[in-house]
Protein chains: 2
Amino acid sequence: MYIYILFEIMFTQSEENYLKAIFHLQQEVEGGVSTSGLSEKLKTKAASVTEMLKRLAGKKLVDYQKYYGVQLTDKGMQHALLIVRKHRLWEYFLVECLNFNWDEVHEVAEQLEHIRSPKLVEELDLFLGRPQYDPHGDPIPDTNGKLPKSPNKRLSQLQKGERGICKGFNDTSSSFLQFLAKQEIGLGTNLEVLNIESFDESMTVLIDKKEIPLSKTATDNIYVED
Amino acid sequence: MYIYILFEIMFTQSEENYLKAIFHLQQEVEGGVSTSGLSEKLKTKAASVTEMLKRLAGKKLVDYQKYYGVQLTDKGMQHALLIVRKHRLWEYFLVECLNFNWDEVHEVAEQLEHIRSPKLVEELDLFLGRPQYDPHGDPIPDTNGKLPKSPNKRLSQLQKGERGICKGFNDTSSSFLQFLAKQEIGLGTNLEVLNIESFDESMTVLIDKKEIPLSKTATDNIYVED
DNA sequence: ATAAATTATTAGGTTTACCTAAATTTTTAT
DNA sequence: ATAAAAATTTAGGTAAACCTAATAATTTAT
């Protein structure tokens with residue numbers, strides 16, 4: 001007769017922060033994630049990063065090649081996605097339930113993402129109605145780490161020159177919807193960012209060969225797929 | 001013209017755990033809280049406790065007399081009450097919103113109580129409807145650290161021989177309320193615990209000179225003031 | 001009142017996660 | 001191709017929060 005003892009996989013907050021940072025940097029550039037990139041993102045010195053990368057490699061969370069950066073292993077990716085899932089679910093909770101603005105949730109979500117409780121995560125997801133996107137429009141991984149297909153962004157997050165297709169609206173007040181109707185903006189509308197004013201972040205967008213000015217308030221409330 | 005720079009008061013999770021433990025032990029016994037008491041409660045060795053008590057004393061959170069234990073200062077008490085407030089609000093949230101049973105919330109609340117965000121605490125309190133008692137019937141300190149006057153307990157938390165006055169019910173299903181009516185238990189009913197069966201935690205209570213048997217399920221759902 | 005038992009403190013050690021400074025490797029530029 | 005610049009790693013150090021073992025103070029029991 002055999003007795004199996006399960007060691008719960010537990011990582012420190014710091015290890016989780018590194019995994020998440022590697023995950024995000026991996027999205028941006030291909031190839032290994034550099035020590036300096038992590039050092040900058042995590043606001044620690046390069047020497048500290050090197051030390052941690054060796055530890056993560058020892059735990060089989062990353063593949064680490066001296067001087068050539070790291071990449072998440074499957075195991076590392078799985079855990080990184082759980083942290084991202086928790087982070088985005090909490091952001092959704094803070095905005096939807098606790099009257100936070102979508103630009104003041106990050107710091108608190110950074111703390112909440114480390115709370116360990118599988119039941120908590122699943123029940124929170126259920127309570128919130130299994131949202132697909134967080135308040136920034138970023139996709140929320142599901143229980144198995146799967147991301148919804150086409151992540152929506154806010155129009156205000158596009159850069160000058162980028163194009164997008166209108167996918168939804170955050171403010172559903174009739175005054176906002178009337179405003180959209182007047183500008184002939186609806187679901188499926190194609191648009192291109194022509195210009196962004198730096199002083200008030202208002203935009204000029206090209207829709208159907210017409211130049212339309214939109215305030216930051218408006219562009220924050222329009223979701224696009226790019 | 002003067003410029004004030006505010007240093008946010010920040011304590012480590014460990015320091016907060018010590019403050020909370022001292023707070024709880026202080027309620028139970030008068031005089032200084034002992035090193036061994038804390039050592040047992042926090043599951044750390046006495047030597048570690050001594051070390052931390054010196055640190056907390058240095059931060060003016062406790063009054064510490066070598067060999068004679070500690071007591072919270074006003075500053076220490078204030079912060080301990082904030083931790084207790086957060087712990088109990090989160091317990092309430094877990095039970096009311098996330099389908100946790102009241103006996104499975106503690107471990108998660110132990111983690112959530114360390115999340116730092118004044119806005120989060122106040123908004124959570126508001127979202128939950130400013131509850132006065134947590135799911136165990138323990139009082140929730142308000143923003144200023146004030147505890148509601150007469151904390152309610154569950155009937156199941158009384159010891160043999162203790163008396164209480166019925167103050168409310170958790171299960172408000174008609175079947176439970178009908179059961180209560182049949183036993184002539186209502187708000188304001190005086191009762192005394194005559195006996196507790198150790199095998200199923202059922203009780204015999206004396207109400208109005210009648211001996212009434214109550215299951216653990218029933219006594220869990222009856223709130224009393226003692 | 002003093003010895004025994006209990007409790008608390010000190011001394012010295014560990015791990016995590018940072019740091020600086022020095023050394024080494026890789027990359028870039030002439 | 002090689003020197004300078006940039007990036008990375010190594011070496012050695014710190015503070016927090018734990019530990020064990022040894023010592024000291026207090027309490028209890030005879």
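Here is how names work: the chains are called A, B, and so on, in the same order as the sequence lines, proteins then strands, and each is numbered from 1.
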message: How close do A/Arg88 and A/His24 get, counting heavy atoms only, and between which atoms?
response: NH2-CE1, 3.7 Å
statement: Counted 5' to 3', the first and last nucleotides of DNA chain D within 4.0 Å (strictly under) of a heavy-atom of chain A are D/dT8 to D/dT10
query: Is the distance between the ring centroids of A/His106 and A/His136 under 6.0 Å?
result: no
SB check B/Arg130 B/Asp142 (cutoff 4.0 Å): no
- prompt: Would you call the rings of A/Phe93 and B/Phe93 parallel, tilted or perpendicular if under 30° counts as parallel and over 60° as perpendicular?
  reply: tilted
- prompt: Sequence neighbours excluded, which residues qualify as side-chain hydrogen bond (donor to acceptor under 3.5 Å, both in side chains) partners of A/His114?
  reply: A/Glu16, A/Asn17
statement: The side-chain contact (heavy atoms from CB on, under 4.5 Å) partners of B/Phe23 (sequence neighbours excluded) come to B/Gln27, B/Leu72, B/Met77, B/Ala80, B/Leu81, B/Val84
query: With sequence neighbours left out, what residues match A/Glu104 under salt bridge (charged side-chain N to carboxylate O under 4.0 Å, His left out)?
result: B/Lys119
query: For A/Val33, does its backbone N or O pair with a side-chain atom of A/Gln26 as donor and acceptor, under 3.5 Å?
result: no
A/Glu15 (side chain) donor-acceptor with A/Thr12 (main chain) under 3.5 angstrom: yes
Base-contact (B) and sugar-phosphate-only (S) positions in nucleotides 8-21 of chain C, heavy-atom cut-off under 4.0 Å, - elsewhere: SBB-----SBBBB-
task: Scan residues 20-29 of chain A against DNA chain D and write down, sorted by residue number, each residue with any heavy atom closer than 4.0 Å; if none is found, say none.
output: none
- prompt: Can you check whether A/Leu61's main-chain N or O pairs, donor with acceptor, with A/Thr73's side chain at less than 3.5 Å?
  reply: yes
